[in-house]
Asks: 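Right, I'll just put the structure down here and ask away after.
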Amino acid sequence: MASELMTQKHIMIHRALGTRITLTIYGDRYFPLLSKTTRMIDEFEDRLTVNRPESEVMSVNKAAGQIPKIVSQSTYDLIKLAVKYSRENFGFNALIGPLVKLWKIGFDGAHVPSDAEIKERMKLIDPYKVLLNDESRTVFLEEAGMELDLGGIAKGYIADRIRDFWIEAGVPAGIIDLGGNLLFVGDSPRREDGQWIIGVQDPQLKRGENLETVIHPACSAVTSGIYERFLIKDGKRYHHLLDPRTGYPLDTDLSSVTVFTEQSVMGEIEAKRIFFNGAPIDDWAKQEGNYGAVLVHNDETIEKVNFK
């Protein structure tokens with residue numbers, strides 16, 4: 001069966017979510033699912049994006065300080081999840097948009113703002129100022145100028161929904177690559193034991209060049225790093241990963257964190273948890289859904305954590 005599937009490998013490239021998406025599916029009969037999957041991705045992007053004038057999330061942002069807005073169930077579920085983890089105050093914050101727009105690292109006009117400017121923007125990133133109503137599916141940002149941005153977890157959420165769709169359709173094996181956010185489905189056709197060979201990105205090299213590989217059953221692999229966007233001012237390097245607890249780029253000796261989890265959306269969250277707080281506690285991978293992590297430090301040393 002494995003050798004047969006290897007000859008029935010189908011790949012579709014798609015551009016969405018601000019990145020290059022690669023969908024790989026095994027088995028000729030499942031080829032038609034690829035175009036359906038790209039439509040699914042586009043539909044999610046239409047609802048969740050903040051890079052266009054109109055979307056469900058943009059309707060919430062435009063109504064900040066004015067009125068609650070009704071959103072679809074999937075959008076509401078993702079917003080609720082994002083707010084929940086933002087309130088844990090470990091570094092992930094889905095309201096950080098106003099602070100990102102102040103620094104503009106990686107974009108035209110990037111600069112180092114004043115302490116006063118940072119303090120003003122910090123008033124607009126409080127996740128406790130997001131009011132959610134489960135019955136009416138409404139979202140209300142209490143202060144004008146507040147913004148929701150689900151970019152930090154949307155790819156993980158969408159990958160999970162694609163995986164659910166493929167499994168329900170009976171797909172025996174596949175790879176969902178949403179711009180480096182990887183989710184493996186079923187058993188790998190390349191190994192007798194069905195495990196997948198997964199590369200860990202080298203933060204010093206271009207995307208796709210790996211410094212480490214792990215072998216694991218179907219799971220998600222999510223990388224968070226500070227190596228792609230930065231600003232140099234007066235000889236000091238400021239990366240794009242802002243700490244919502246301080247308003248400044250995170251002070252860290254880590255270059256990247258790759259986590260292996262059951263759910264891709266949780267991979268997004270856990271990668272940021274480790275990035276902002278250092279190596280996880282010893283029993284981190286014993287927690288349900290967490291399989292392990294690879295931490296790459298600025299001096300290029302590699303630390304593997306809790307592989308099962």
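This one's a predicted model, so the numbers in the text were calculated from it and none came from an experiment.
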Asks: Quiz question: by atom type and distance under 3.5 Å, do the side chains of Asn133 and Ser136 form a donor-acceptor pair?
Replies: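 A donor-acceptor contact under 3.5 Å links the two side chains.
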Asks: By the definition side-chain contact (heavy atoms from CB on, under 4.5 Å), identify the one residue from Leu178, Ile176, Leu78 that meets it with Ile158.
Replies: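 So, applying the side-chain contact (heavy atoms from CB on, under 4.5 Å) to Ile158 and each of Leu178, Ile176, Leu78, only Leu178 qualifies.
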Asks: Quick one: pull up NE2 in His297 and CG in Asp253 and give me the separation to the nearest 0.5 Å.
Replies: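 The CG atom of Asp253 is 5.5 Å from NE2 of His297, to the nearest 0.5 Å.
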Asks: Would Ile11 end up clustered with Val171 when hydrophobic side chains under 4.5 Å apart are linked, directly or stepwise?
Replies: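 Per the 4.5 Å side-chain linkage, Ile11 and Val171 are not co-clustered.
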Asks: Does any non-hydrogen side-chain atom of Ile269 lie less than 4.5 Å from one of Arg273?
Replies: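 A side-chain contact exists here, since the closest heavy-atom pair is under 4.5 Å.
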Asks: Answer yes or no: are there more than 12 heavy-atom neighbours, outside Ile197 itself, under 6.0 Å from its atom CD1?
Replies: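 Count over threshold, so yes.
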Asks: Looking at Glu300, is its backbone amide N or carbonyl O close enough to the side chain of Ser255 to form a donor-acceptor pair, meaning the two atoms are under 3.5 Å apart?
Replies: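 No, because the side chain of Ser255 does not come within donor-acceptor range (under 3.5 Å) of the backbone of Glu300.
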Asks: Determine, for Arg39 against Asp42, whether the closest basic-nitrogen to carboxylate-oxygen distance falls under 4.0 angstrom.
Replies: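 Judged by the 4.0 Å cut-off on N to carboxylate O distance, Arg39 and Asp42 do not form a salt bridge.
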Asks: When you look at CD of Glu168, are more than 12 heavy atoms from neighbouring residues, nucleotides or ligands closer to it than 6.0 Å?
Replies: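 Count not over threshold, so no.
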Asks: Linking I/L/V/M/F/W/Y whenever any side-chain heavy atoms sit under 4.5 Å apart, do Trp166 and Phe31 land together?
Replies: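 Result: yes, single cluster for both.
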Asks: NZ of Lys62: more than 12 outside heavy atoms within 6.0 angstrom?
Replies: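 Atom NZ in Lys62 is packed in, count exceeds 12.
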Asks: Just by distance, no angles: are the side chains of Thr75 and Glu56 close enough, under 3.5 Å, to form a donor-acceptor pair?
Replies: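 Yes - a donor-acceptor pair under 3.5 Å links their side chains.
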Asks: Can you list the steps and then say if Asp164 with Arg161 is a salt bridge (charged side-chain N to carboxylate O under 4.0 Å, His left out)?
Replies: CA-CA 5 Å; Asp164 295 345; Arg161 301 292 76 75; 3.0 Å; yes
Asks: Kindly say whether Val265 contributes a backbone atom to a donor-acceptor pair with the side chain of Asp160 at under 3.5 angstrom?
Replies: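 It does hold such a pair.
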Asks: To the nearest 0.5 Å, how far apart are CD1 in Ile96 and CG in Asp243?
Replies: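 One finds 7.5 Å between CD1 of Ile96 and CG of Asp243.
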Asks: Phe275 and Ser256: which non-hydrogen atoms are nearest, and at how many Å?
Replies: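 In this case the closest contact between Phe275 and Ser256 is CE1-CA, 3.7 Å.
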Asks: Rounded to the nearest 0.5 Å, what's the gap from CG on Asp187 to CD on Glu192? Could you check?
Replies: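 Reported value, rounded in 0.5 Å steps: 11.0 Å.
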Asks: If every non-hydrogen atom of Thr38 is compared with every non-hydrogen atom of Leu23, which pair is closest and at what distance?
Replies: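 For Thr38 versus Leu23, the nearest heavy atoms are CG2-CD1, 3.9 Å.
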Asks: Examine distances only and state if a side-chain atom of Ser55 and a backbone atom of Leu48 form a donor-acceptor pair shorter than 3.5 Å.
Replies: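 Judged by distance alone, no pair lies under 3.5 Å.
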Asks: Where does the angle between the aromatic ring planes of Phe260 and His216 fall among parallel (under 30°), tilted (30 to 60°) and perpendicular (over 60°)?
Replies: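 Rings of Phe260 and His216: parallel, as their planes differ by under 30°.
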Asks: Which heavy atom in His240 sits nearest to a heavy atom in Gly225, and how many Å separate them?
Replies: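 Shortest heavy-atom separation between His240 and Gly225 comes out as CE1-O, 3.3 Å.
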Asks: Look at the side chain of Trp196 and the backbone N and O of Gly186, then say whether any donor-acceptor pair between them is shorter than 3.5 Å.
Replies: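 Between the backbone of Gly186 and the side chain of Trp196 there is a qualifying donor-acceptor contact (under 3.5 Å).
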Asks: Flag the pair Glu147 and Lys101 as a salt bridge only when some basic side-chain nitrogen lies within less than 4.0 angstrom of an acidic carboxylate oxygen.
Replies: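 Salt bridge: yes.
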Asks: Main chain of Ser114, side chain of Glu117: is a donor-acceptor contact present, judged purely on distance under 3.5 Å?
Replies: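 Yes: the side chain of Glu117 pairs with the backbone of Ser114.
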Asks: Rounded to the nearest 0.5 Å, what separates atom OG1 in Thr252 from atom CG in Asn298?
Replies: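 Atom-to-atom, Thr252:OG1 and Asn298:CG are 6.5 Å apart.
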Asks: Any donor-acceptor pair under 3.5 Å linking the side-chain atoms of Tyr76 with those of Asp134?
Replies: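 On atom types as modelled, these side chains qualify, holding a pair under 3.5 Å.
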Asks: Report the relative orientation of the aromatic rings in Tyr85 and Phe90; use parallel for angles under 30°, tilted for 30 to 60°, perpendicular for over 60°.
Replies: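 Rings of Tyr85 and Phe90: perpendicular, over 60°.
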Asks: Kindly say whether Pro127 contributes a backbone atom to a donor-acceptor pair with the side chain of Arg87 at under 3.5 angstrom?
Replies: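 Judged by distance alone, yes, a pair lies under 3.5 Å.
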Asks: Is there a donor-acceptor contact under 3.5 Å from the side chain of Thr49 to the main chain of Glu45?
Replies: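 Pair absent, no side-chain N/O of Thr49 close to backbone of Glu45.
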Asks: Salt-bridge test for Glu268 and Lys272: reply yes if a basic N is under 4.0 Å from a carboxylate O, no otherwise.
Replies: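 Looking at Lys272 together with Glu268, the answer is yes, because their closest N to O distance falls below 4.0 Å.
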Asks: Between Asn61 and Leu148 (side chain of the first, backbone of the second, donor and acceptor by atom type, cut-off under 3.5 Å), is there such a pair?
Replies: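 Side chain of Asn61 to backbone of Leu148: a pair is present.
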Asks: Strictly by modelled atom types, are Gln195 and Arg190 linked by a side-chain donor-acceptor pair under 3.5 Å?
Replies: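 Result is no, nothing qualifies.
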Asks: Going by atom types alone, do Asp177 and Thr24 pair a side-chain donor with an acceptor below 3.5 Å?
Replies: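 No, no side-chain donor-acceptor contact under 3.5 Å.
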Asks: State the CZ-CZ distance between Phe276 and Arg245, to the nearest 0.5 angstrom.
Replies: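 Phe276 CZ to Arg245 CZ: 6.5 Å, rounded to 0.5 Å.
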Asks: Give, for atom CD1 of Ile25 and atom CE of Met12, the distance between the pair rounded to the nearest 0.5 Å.
Replies: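 One finds 9.5 Å between CD1 of Ile25 and CE of Met12.
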